[in-house]
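So that the names make sense, note that chain A is the first sequence line, chain B the second, and so on, each numbered from 1.
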Protein chains: 2
Amino acid sequence: MTAVVRRSLLDDLAASMLGLIADRKLAVGDQFESVRSLAERFKVAVPTVREALRRLEAIGALELRHGSGVYVGPNVGRLVLANPLALKPTADRLVELLQARALIEPPVAALAAKARSEDALAQMEADLVQAAELIAAGDHDRLAEINMDFHRALAQASGNATLAEVVESVTVVNVREQLEILHIHGDRETDLAEHHAILAAVRAGDDVLAEQLTRAHLDGVLAVINDRVNP
Amino acid sequence: MTAVVRRSLLDDLAASMLGLIADRKLAVGDQFESVRSLAERFKVAVPTVREALRRLEAIGALELRHGSGVYVGPNVGRLVLANPLALKPTADRLVELLQARALIEPPVAALAAKARSEDALAQMEADLVQAAELIAAGDHDRLAEINMDFHRALAQASGNATLAEVVESVTVVNVREQLEILHIHGDRETDLAEHHAILAAVRAGDDVLAEQLTRAHLDGVLAVINDRVNP
DNA sequence: ATGACCAAGTGATCAGATCAATTTCATGTC
DNA sequence: GACATGAAATTGATCTGATCACTTGGTCAT
């Protein structure tokens, strides 16, 4: 019954490359080896190497830059990731996505209030400063992105990398569409104020409040959207 | 500042292929086109097509079966997925993963108690029946997998596909290692009883109880593991 | 110093061929 | 007629080798 594990040449190649990266302790952004060099190293043809590279590239473990080289991507060693080829979602699917965020992020905020990773707190602070500037400048597109960043930084503050990955995934997929919704949702000053309140609660280590504020924040967005979809 | 969107040939190819699948309304498992046929259709060389296919294959949108053909994979249209090339996690990372599950799954159980998707309830029931059989048969490996299935079915019952994907992702990555932990954790009859209690709470529509039971269930596992890692 | 320019390195794509696994179907035996 | 056998067609896997296109670093003239 247990299917024979037929490791294709490609599986081996991909695994070996990840092994190489790990062995050399390469960090995100570091240059890897050239395609030709890899082909020679593993005694396989160039197209085969490239197929393996494409596989790794698809999940963000590597990056191929034309004319430059192969580099270590941001998703090396990640467990959960967003589908980089996600199609345009239906309205229902988008509501589900927001609902998922409203369910996951509040308890993460509570955890963040207990862990309070320094770097992440600084990042959240920086995001809020930048958000205020963007509101003043009227650049609503970048503002929406920075606001997403705030949510990601909040998850980072939890100190749990897996949770951060989950939150990152649900805030990255269908960004375009999520941003549209946030534009509809609208009140930018209120959003900023709520974010400030969340950060303050996290800083104070008040996990209950942080959770409550985050829930109220996301439920607010959700309520607006639900009205639009189910009038 | 706004990076020029340089769509490589590959990006276009991959997108076009997804478009083809969508247009033809192909379902998971359906056969797609042959590599040669795709090469001719898009007027590109075979290796190029294959690179695009590999990219789609990496995220589970397609499947290439030697000698048979190209088929639609299970992850088409998914938003969140588990890194199929995740490396072996450190002990700390594994604890984090469990912690993430303990934080996410209980509220999902609560939602499931409110939604109660029929199919998922039947699946949970089936999982428990099978689990009982496997306990009797002493097949602990398959038992552990079925128990994971139960958690996935529970998430399905929430009726929220995105949440189901998130839970599926965290229960699929590093399965091997998670299963080992569950083996350590041990008491199989207790696990089964707890699963039964959760299902009953969901059936009864008691969201508070379902959440509480699920939390207790996962925290129990987590406590055991934490003792092992930090003695 | 500054800028234009050239050359080496590297990824991107192509073309065609061969090997290997699966599926299909004609064949033949019982 | 049912079923096992095996050859042929289909299809993915890999190779070889070449050419095009992009990036980068250094050279050289100003």
Side-chain angles (χ1 to χ4, degrees), chain A residues 3-18 20-21 24 26 28-74 76 84-85, chain B residues 3-18 20-21 24 26 28-74 76 84-85:
Chain A
V4 182
V5 185
R6 47 165 75 268
R7 302 219 307 277
S8 83
L9 180 51
L10 231 58
D11 292 331
D12 289 344
L13 264 184
S16 299
M17 288 177 181
L18 285 180
L20 270 185
I21 293 174
R24 297 180 187 170
L26 294 183
V28 174
D30 287 355
Q31 184 160 11
F32 192 39
E33 279 192 33
S34 78
V35 172
R36 291 171 177 82
S37 157
L38 287 168
E40 190 181 353
R41 169 189 296 277
F42 294 114
K43 306 293 181 204
V44 295
V46 167
T48 309
V49 171
R50 290 183 61 80
E51 286 188 29
L53 288 174
R54 284 299 179 199
R55 175 183 290 193
L56 293 173
E57 184 205 44
I59 62 173
L62 287 179
E63 211 173 302
L64 306 200
R65 297 185 205 153
H66 192 170
S68 179
V70 181
Y71 297 82
V72 178
V76 140
L85 280 67
Chain B
V4 182
V5 185
R6 49 168 73 268
R7 302 214 309 277
S8 83
L9 179 51
L10 231 57
D11 292 331
D12 290 344
L13 263 184
S16 298
M17 287 177 182
L18 284 180
L20 270 185
I21 293 175
R24 298 179 186 170
L26 294 182
V28 174
D30 287 355
Q31 185 160 11
F32 192 38
E33 280 191 34
S34 77
V35 173
R36 290 170 179 83
S37 157
L38 287 168
E40 190 180 354
R41 167 188 298 276
F42 293 114
K43 305 292 183 206
V44 296
V46 168
T48 308
V49 171
R50 290 183 61 80
E51 285 188 29
L53 289 173
R54 285 298 180 201
R55 174 182 288 193
L56 294 174
E57 184 205 45
I59 62 173
L62 287 179
E63 211 173 301
L64 280 71
R65 299 188 202 150
H66 192 172
S68 179
V70 181
Y71 297 81
V72 178
V76 147
L85 282 68

The side chain of [X] lies closest to which of these nucleotides: [options]?
{"X": "Arg50(B)", "options": "dG12(D), dA12(C), dT23(C)", "answer": "dG12(D)"}
{"X": "Val70(B)", "options": "dC15(D), dG12(D), dC14(C)", "answer": "dG12(D)"}
{"X": "Leu10(B)", "options": "dG12(D), dT10(C), dT13(C)", "answer": "dT13(C)"}
{"X": "Glu51(A)", "options": "dC15(D), dT14(D), dT13(C)", "answer": "dT14(D)"}
{"X": "Arg54(A)", "options": "dA12(C), dC15(D), dA13(D)", "answer": "dA12(C)"}
{"X": "Ser68(B)", "options": "dT22(C), dG11(C), dT13(C)", "answer": "dT22(C)"}

Give the rounded distance in Å between these two atoms: [atom1] of [X] and [atom2] of [N].
{"X": "Leu53(A)", "N": "dG11(C)", "atom1": "CG", "atom2": "P", "result": "8 Å"}
{"X": "Phe42(B)", "N": "dC14(C)", "atom1": "CZ", "atom2": "C1'", "result": "17 Å"}
{"X": "Arg65(A)", "N": "dC22(D)", "atom1": "CZ", "atom2": "P", "result": "17 Å"}
{"X": "Leu38(B)", "N": "dG12(D)", "atom1": "CG", "atom2": "C1'", "result": "12 Å"}
{"X": "Arg55(A)", "N": "dA13(D)", "atom1": "CZ", "atom2": "C1'", "result": "12 Å"}
{"X": "Leu64(A)", "N": "dA21(D)", "atom1": "CG", "atom2": "C1'", "result": "15 Å"}
{"X": "Glu40(A)", "N": "dG11(C)", "atom1": "CD", "atom2": "P", "result": "14 Å"}
{"X": "Arg36(B)", "N": "dA20(C)", "atom1": "CZ", "atom2": "P", "result": "15 Å"}

State, with a plain yes or no, whether a side-chain heavy atom of Val49(B) is found less than 4.5 Å away from one of Glu40(B).
no
Pairwise 5' ranking along DNA chain C for Pro47(B) and Glu33(A), keeping only the more 5' one
Glu33(A)
With sequence neighbours left out, what residues match Ser16(B) under side-chain contact (heavy atoms from CB on, under 4.5 Å)?
Phe42(B)
Using a distance-only criterion (donor-acceptor N/O pair, under 3.5 Å, no hydrogens), is the base of dA13(D) paired with the side chain of His66(B)?
no
Just do the salt bridge (charged side-chain N to carboxylate O under 4.0 Å, His left out) check on Glu57(A) and Arg54(A) with the steps written out, would you?
CA-CA 5 Å; Glu57(A) 184 205 44; Arg54(A) 284 299 179 199; 3.1 Å; yes
When you measure from the side-chain N and O atoms of Thr48(A) to the phosphate of dC15(D), is any distance below 4.0 Å, counting only OP1 and OP2?
yes
Using a cut-off of 4.0 Å on non-hydrogen atoms, how would the nucleic acid contact of Val46(B) be classed: base, sugar-phosphate, or nothing?
nothing
In this structure, CZ of Arg55(A) is separated from CE of Met17(A) (nearest 0.5 Å) by 10.5 Å
Distance in Å, Thr48(A) OG1 paired with Arg50(A) CZ, rounded so as to fall on 0.5 Å steps
11.5 Å
